[in-house]
Enquirer: 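Dropping a structure here in structure tokens format, bear with me for questions.
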There are 2 protein chains.
Amino acid sequence: MIFSKAIEYGIKASIYVAQQSMNGYRSNLKEISEHIDSPEAFTAKILQQLVKGGIIHSIKGAGGGFALEIKEIKKIKLADIVLALDADFLDSTCVLGLKHCSETNPCPVHHKYKGIKKETLYLLKNTTLLEMSTNLDKGLAYLKN
Amino acid sequence: MIFSKAIEYGIKASIYVAQQSMNGYRSNLKEISEHIDSPEAFTAKILQQLVKGGIIHSIKGAGGGFALEIKEIKKIKLADIVLALDADFLDSTCVLGLKHCSETNPCPVHHKYKGIKKETLYLLKNTTLLEMSTNLDKGLAYLKN
DNA sequence: ACTAAATAGGATAAAAATATCCGATTAAAA
DNA sequence: TTTTAATCGGATATTTTTATCCTATTTAGT
């Protein structure tokens, strides 16, 4: 509905890695894709992008995996993850795809949609990995079903 | 951000045809794709789907084109157009793609997103072709730029 | 040192979305 | 009745997204 598969997997993977990291564990690819119910090889690519984008850390070699520090978990927002996987996600935000949709040059749904757009942006920019992974940890939310 | 290209074009085409119909004109493919800034052949396919889906009417042969009746323009909602082009658009509404995301089985963003989801659904189900095409007609909104 | 277990990265494949082309059909107008 | 201007529908092409495979590299443990 709103995110691509790659972004969906990327967000879920980040949340899982964060939750495991909070409990002192590092996660490997197999474990991650099992827990977020995603194709392993594709998830590997996405994890690479997240590492390159500075969202998560990778540890190579036997016993390696992916991890995050608590300080980072607190700081990283949903928007950071999304942008690491699609740099111009926040650009094309007109519902009807107009390049320059604005208050003075609106598409026919602009005014009715702008509230939703604002709330969505707020959600992305203010939701932290911490709150999402905490909910997962407490059993108040799930990454698959 | 939210709709596919096909749906974007479909909505814009419907709005344009509605506006023209309100002024007593019928629109043909070439004219439509010019006014909504979309690829002609692809738009033809989308118009076919809209006709099959009962959203707009087509008139074959020379001087033909596409049109709508005022009564229909008043009745048709954004959601009707969207569903004519993607029957299960309103099904997969979990931000993280969970098959069965719900109040009791929520994904980690469910509770923060549900308000937005509700408003989006409301917008789709309550915005009429009439209001969109009227705004276009009055020069208060645009289909391209 | 050697082996095993991991991520990294390049090449490729498959599927879906977007887009084009062309012949068939329809209907108005000359 | 012929021509012309349209939509319809099937086949195909292109592009993007999703997904897989395989080799290289790194590192822990024996």
Side-chain angles (χ1 to χ4, degrees), chain A residues 1-14 16-17 20-21 25-34 36-68 82 84-89 92 96-97, chain B residues 1-14 16-17 20 25-34 36-68 82 85-89 92 96-97:
Chain A
M1 174 112 167
I2 161 163
F3 295 134
S4 65
K5 280 290 163 200
I7 291 181
E8 277 181 18
Y9 298 155
I11 294 171
K12 290 196 264 194
S14 301
Y16 179 76
V17 171
Q20 290 303 104
S21 293
Y25 301 115
R26 76 175 47 147
S27 326
N28 65 36
L29 171 61
K30 184 152 179 267
E31 192 194 340
I32 294 170
S33 55
E34 271 167 9
I36 72 174
D37 199 25
S38 67
E40 206 174 305
F42 190 41
T43 306
K45 293 297 181 199
I46 293 158
L47 289 168
Q48 274 182 43
Q49 290 186 72
L50 291 173
V51 171
K52 277 192 193 164
I55 303 297
I56 60 179
H57 300 289
S58 73
I59 304 94
K60 291 187 198 171
F66 301 90
L68 270 159
V82 170
L85 297 171
D86 178 359
D88 36 51
F89 182 87
S92 49
L96 297 188
Chain B
M1 174 113 168
I2 159 163
F3 295 134
S4 66
K5 282 290 163 200
I7 291 180
E8 278 180 19
Y9 298 153
I11 294 170
K12 290 197 263 194
S14 301
Y16 179 76
V17 171
Q20 290 303 104
Y25 302 115
R26 75 174 49 145
S27 325
N28 66 35
L29 171 61
K30 185 154 180 265
E31 192 195 340
I32 294 170
S33 55
E34 271 167 9
I36 73 174
D37 199 24
S38 67
E40 206 174 304
F42 189 41
T43 307
K45 292 298 182 200
I46 293 157
L47 289 168
Q48 273 182 40
Q49 290 186 71
L50 291 174
V51 170
K52 276 192 195 165
I55 302 296
I56 60 179
H57 300 288
S58 73
I59 304 93
K60 292 186 196 171
F66 300 89
L68 270 159
V82 170
L85 297 170
D86 178 359
D88 35 51
F89 183 87
S92 50
L96 297 188

Enquirer: Answer yes or no: does a side-chain N or O of B:S58 lie under 4.0 Å from OP1 or OP2 of D:dA6?
Expert: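 For D:dA6, OP1/OP2 do not have a side-chain N/O of B:S58 under 4.0 Å.
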Enquirer: Which part of the nucleic acid does B:A44 contact within heavy-atom distance under 4.0 Å: base, sugar-phosphate only, or nothing?
Expert: nothing
Enquirer: For B:K52, answer base if it contacts any base atom (sugar-phosphate contacts may also be present), sugar-phosphate if it contacts only those atoms, and nothing otherwise; contact means non-hydrogen atoms under 4.0 Å.
Expert: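 Sugar-phosphate, backbone atoms only, no base.
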Enquirer: When you measure from the side chain of A:S4, which nucleotide among D:dC8, D:dT18, C:dG10 comes out closest?
Expert: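 Closest of the options to the side chain of A:S4: D:dT18.
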Enquirer: To the nearest angstrom, how far is A:I56 atom CD1 from C:dA6 atom P?
Expert: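 The distance from CD1 of A:I56 to P of C:dA6 comes to 16 Å, rounded to the nearest Å.
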Enquirer: Separation of B:I59 atom CD1 from D:dT7 atom P, in whole Å?
Expert: 9 Å
Enquirer: From the options C:dT7, C:dT26, C:dT18, select the nucleotide whose nearest atom is closest to the side chain of B:K60.
Expert: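 For B:K60, the side-chain atoms sit closest to C:dT26.
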Enquirer: Answer with base, sugar-phosphate or nothing: what part of the nucleic acid does A:L47 contact at a heavy-atom distance below 4.0 Å?
Expert: nothing
Enquirer: Pick the nucleotide of DNA chain D nearest each of B:K30 and B:K45; which residue has the one closer to the 5' end?
Expert: B:K30
Enquirer: Do A:F66 and A:Q20 have side-chain heavy atoms sitting under 4.5 Å apart?
Expert: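 No. Closest side-chain heavy atoms not under 4.5 Å.
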Enquirer: Round to a whole Å and report the spacing from NZ of A:K5 to C1' of D:dT20.
Expert: 17 Å
Enquirer: Quick check for you: among C:dA19, D:dT4, C:dA4, whose closest atom lies nearest to any side-chain atom of B:A62?
Expert: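 Given the options C:dA19, D:dT4, C:dA4, the side chain of B:A62 is closest to D:dT4.
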Enquirer: Roughly, in whole Å, what's the span from CD1 in B:I36 to P in C:dA19?
Expert: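 Distance, rounded to whole Å: 11 Å.
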Enquirer: With nearest nucleotide decided by heavy atoms, which residue, B:G65 or A:E40, maps closer to the 5′ end of DNA chain D?
Expert: B:G65
Enquirer: Rounded to the Å, how far apart are B:F66 CZ and D:dA5 C1'?
Expert: 13 Å
Enquirer: Looking at A:Q48, does any N or O in its side chain come under 4.0 Å of the phosphate oxygens OP1/OP2 on C:dG9?
Expert: yes
Enquirer: Taking only the side-chain heavy atoms of A:A41 (C-beta and beyond), determine which of D:dT4, C:dA6, D:dT20 contains the nearest atom.
Expert: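 Closest nucleotide among those given: D:dT20.
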Enquirer: Is there a donor-acceptor pair under 3.5 Å between the side chain of B:R26 and the backbone N or O of B:G63?
Expert: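 Side chain of B:R26 to backbone of B:G63, a donor-acceptor pair under 3.5 Å: yes, one is there.
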Enquirer: Can you tell me how far C1' of D:dG10 sits from CD of B:Q49, to the nearest Å?
Expert: 14 Å
Enquirer: Out of curiosity, A:Y9 OH to A:F3 CZ, how far, rounded to the nearest 0.5 Å?
Expert: 14.5 Å
Enquirer: Specify the separation, in whole Å, of atom CZ of B:R26 and atom P of C:dA28.
Expert: 8 Å
Enquirer: With a 4.0 Å cutoff (strictly under), does any side-chain N or O of A:Y9 reach OP1 or OP2 of D:dA19?
Expert: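 So the side-chain polar atoms of A:Y9 do come within 4.0 Å of the phosphate oxygens OP1 or OP2 of D:dA19, strictly under.
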Enquirer: Provide, to the nearest angstrom, the distance between the CZ atom belonging to B:F42 and the P atom belonging to C:dC21.
Expert: 15 Å
Enquirer: Rounded to the nearest 0.5 Å, how far apart are CG of B:L50 and CG of B:L68?
Expert: 9.5 Å
Enquirer: Between the side chain of A:K30 and the main-chain N/O of A:E40, is any donor-acceptor distance below 3.5 Å?
Expert: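 Side chain of A:K30 to backbone of A:E40, a donor-acceptor pair under 3.5 Å: no, none is there.
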